[in-house]
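Fair warning: this is a prediction, and the values are worked out from it, not measured in the lab. So you know, we letter chains A, B, ... as the sequences are listed, proteins then strands, and number each from 1.
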There are 2 protein chains.
Amino acid sequence: MTRSTDTSWAEHALETLQAAGHRRGGARTAVVEALAGHDCAVTALDLDDELRRRRPPVGRASVYRALEQLEQLGLVQRIEVCRGTAGYERVDPAGHHHHHAICRDCGRMVPFENSSLERAIHEVSEGMSFEVTEHDVVLRGTCERCAN
Amino acid sequence: MTRSTDTSWAEHALETLQAAGHRRGGARTAVVEALAGHDCAVTALDLDDELRRRRPPVGRASVYRALEQLEQLGLVQRIEVCRGTAGYERVDPAGHHHHHAICRDCGRMVPFENSSLERAIHEVSEGMSFEVTEHDVVLRGTCERCAN
DNA sequence: GAGCATAATGAGAATGAATCTAGTTTGTGT
DNA sequence: ACACAAACTAGATTCATTCTCATTATGCTC
Ligand SMILES: [Zn+2]
Ligand SMILES: [Zn+2]
Ligand SMILES: [Zn+2]
Ligand SMILES: [Zn+2]
């Protein structure tokens, strides 16, 4: 199972959209399918490039609109991938997820996951006046390639 | 000690700048002093508003330039405060710091700190091919005021 | 299947944070 | 005081993101 396209996520996403009262539309479906093909964060403009070529082409506004709706429904997570640009990545319905280390020099992004970190975050969230529904962790530094 | 202006941080910052080979200049000093007056993150444009009125006025470019230099030297930390805008806050030279919970509805930002979270992050950083020099944690959700 | 209300779409304009440019001023060593 | 580089300001520019609005497609009812 090395296929990078997560069909089950795509199905889940489309169902959730429908359940939320959305009609089905070609552009949004295309965005969902494109997201399903990426294991880690993609920028909106990357998706736009990817989808503009399709026939019929998907408009930029539709990409952003779809991403916003998906984020609202908790189907994708938005993270700041580099100064002033956001990356979007699909959210596993079971809650399984990773975080990122980002190289300050080359922008390379390496995902990681760690259960004691998740536990600590969960505990902090409990003891907060906020009702925390989401969290994000970013490590910044120099990747091995840029360190030499 | 309820004074919000942290004089010691300002002094430390100005010394570090000088040690890094920077001349002293009015605009940058003004930015340092303004930052010293804020306990938590401020946006560059807020600082700009605050400093534009001075005589002589500080230019927007100088604000951004100073913030970038300060960040480079580890004297301020940059965090995404809301969609597409960065906030900057001073970094305690002793390493003491906090993270933030941000309300999705009203944008309110509540700082918190937690040692087991820091410990977990430290451990993850150790086991990484990256050389991690900085980390950021953001909790998102609904604040008590917006929850009612 | 035709007709309707309304959601979805896409081209392009508008926004706004951040960066760049050019020309001027200021700081520092001699 | 002089020279030279760093620092400065105003304004133009870039670029991701959002908005507008005319057009098309969808789901529903008859
Ligand atoms: Zn990822
Ligand atoms: Zn996590
Ligand atoms: Zn803070
Ligand atoms: Zn921390």
Side-chain angles (χ1 to χ4, degrees), chain A residues 13-34 41-73 75-88 104 107, chain B residues 13-34 41-73 76-88 107:
Chain A
L14 292 172
E15 279 166 23
T16 307
L17 281 164
Q18 187 166 30
H22 288 285
R23 295 180 182 171
R24 74 181 182 71
R28 189 163 44 216
T29 304
V31 171
V32 168
E33 282 165 1
V42 225
T43 69
L45 290 176
D46 283 346
L47 288 175
D48 185 44
D49 277 345
E50 201 173 321
L51 296 174
R52 176 172 304 158
R53 297 162 193 156
R54 287 173 59 114
R55 193 170 51 253
V58 173
R60 199 182 323 147
S62 300
V63 173
Y64 279 102
R65 222 180 348 237
L67 287 172
E68 190 183 342
Q69 293 165 338
L70 289 165
E71 191 193 359
Q72 216 71 43
L73 293 170
L75 293 164
V76 306
Q77 178 162 20
R78 181 183 177 282
I79 62 185
E80 190 187 34
V81 54
C82 77
R83 303 215 139 203
T85 26
Y88 296 84
R104 207 192 313 282
Chain B
L14 291 172
E15 279 167 21
T16 307
L17 282 164
Q18 186 166 30
H22 288 285
R23 296 178 180 171
R24 75 181 181 71
R28 189 164 43 216
T29 304
V31 171
V32 169
E33 282 166 1
V42 226
T43 70
L45 290 176
D46 283 345
L47 288 175
D48 185 43
D49 277 344
E50 200 173 322
L51 297 174
R52 175 173 303 160
R53 297 162 192 158
R54 286 173 60 114
R55 194 170 52 251
V58 173
R60 198 182 322 150
S62 299
V63 174
Y64 280 104
R65 199 170 334 112
L67 287 172
E68 191 183 342
Q69 293 165 338
L70 288 165
E71 191 192 358
Q72 217 71 44
L73 292 170
V76 306
Q77 179 162 18
R78 180 183 178 282
I79 62 186
E80 190 187 34
V81 55
C82 76
R83 303 215 136 201
T85 23
Y88 295 85

Contact class for Thr85(B) (heavy atom, under 4.0 Å): base, sugar-phosphate, or nothing?
sugar-phosphate

For residues 50-60 of chain A, tabulate all N or O donor-acceptor pairs below 3.5 Å that involve a side-chain atom, not counting sequence neighbours.
from	atom 1	to	atom 2	distance (Å)
Glu50(A)	OE1	His38(A)	NE2	3.1
Arg52(A)	NH2	Asp48(A)	OD2	2.2

Just verifying a value: how many Å separate Glu68(B) CD and Leu73(B) CG, rounded to the nearest 0.5 Å?
11.0 Å

In whole Å, what is the span from the CZ atom of Arg60(B) to the P atom of dC20(C)?
15 Å

Calculate, to the nearest 0.5 Å, the distance between atoms CD and CG belonging to Gln69(A) and Leu17(A) respectively.
7.0 Å

Go through the structure and list residues passing side-chain hydrogen bond (donor to acceptor under 3.5 Å, both in side chains) with Thr43(B), not counting sequence neighbours.
Asp46(B)

What is the distance, rounded to the nearest whole Å, between atom CG of Leu51(A) and atom P of dT9(C)?
12 Å

Nearest heavy-atom pair of Ala86(A) and Val81(A): which atoms, and what distance?
C-CG1, 3.7 Å

Give me the first and last nucleotide of DNA chain D, going 5' to 3', that has any atom under 4.0 Å from a heavy atom of chain B.
dA5(D) to dT18(D)

dT9(C) C1' sits how many Å from Glu68(A) CD, rounded?
15 Å

Whole angstrom value for the distance that separates P of dA17(C) from CD of Glu80(A):
15 Å

Rounded off to whole Å, could you give me the CG-to-C1' distance for the Leu45(B) and dT19(C) pair?
12 Å

What's the shortest heavy-atom distance between Ala13(A) and Val32(A), and which atoms?
CB-CG1, 4.1 Å

Hey, does Arg65(B) reach any base, or is it just sugar-phosphate, or nothing, if we go heavy atoms under 4.0 Å?
base

Students often get this wrong, so: under 4.0 angstrom with heavy atoms, is Pro57(B) touching a base, only sugar-phosphate, or nothing?
sugar-phosphate

Which residues in residues 22-29 of chain B have at least one heavy atom lying under 4.0 Å from any atom of DNA chain C?
Arg23(B), Arg24(B)

When Gly21(A) and Arg78(B) are each assigned the nearest nucleotide of DNA chain C, the 5'-most assignment goes to Gly21(A)

Taking side chain as C-beta onward, heavy atoms only, is Leu45(A) less than 4.5 Å from Tyr64(A)?
yes

From Leu67(A) atom CG to Leu75(A) atom CG, the distance as rounded to the nearest 0.5 Å
11.5 Å

If each end axis of the helix from dG1(C)-dC30(D) to dT30(C)-dA1(D) is fitted on five C1' pair positions, the angle between them, to 10 degrees, is 30°

Using modelled atom types and a 3.5 Å cut-off, is there a donor and acceptor pairing between side-chain atoms of Arg28(A) and backbone atoms of Arg23(A)?
yes

I need the OH-P distance between Tyr64(B) and dA18(C), as an integer number of Å.
4 Å

Heavy atoms of Ala34(B) and Leu47(B) approach each other most closely as CB-CD2, 3.8 Å

Can you name the salt bridge (Lys or Arg N to Asp or Glu O under 4.0 Å) partners of Arg78(B), sequence neighbours left out?
Glu80(A)

Euclidean distance, atom CG of residue Asp48(B) to atom P of dT19(C) [Å, nearest integer]
14 Å

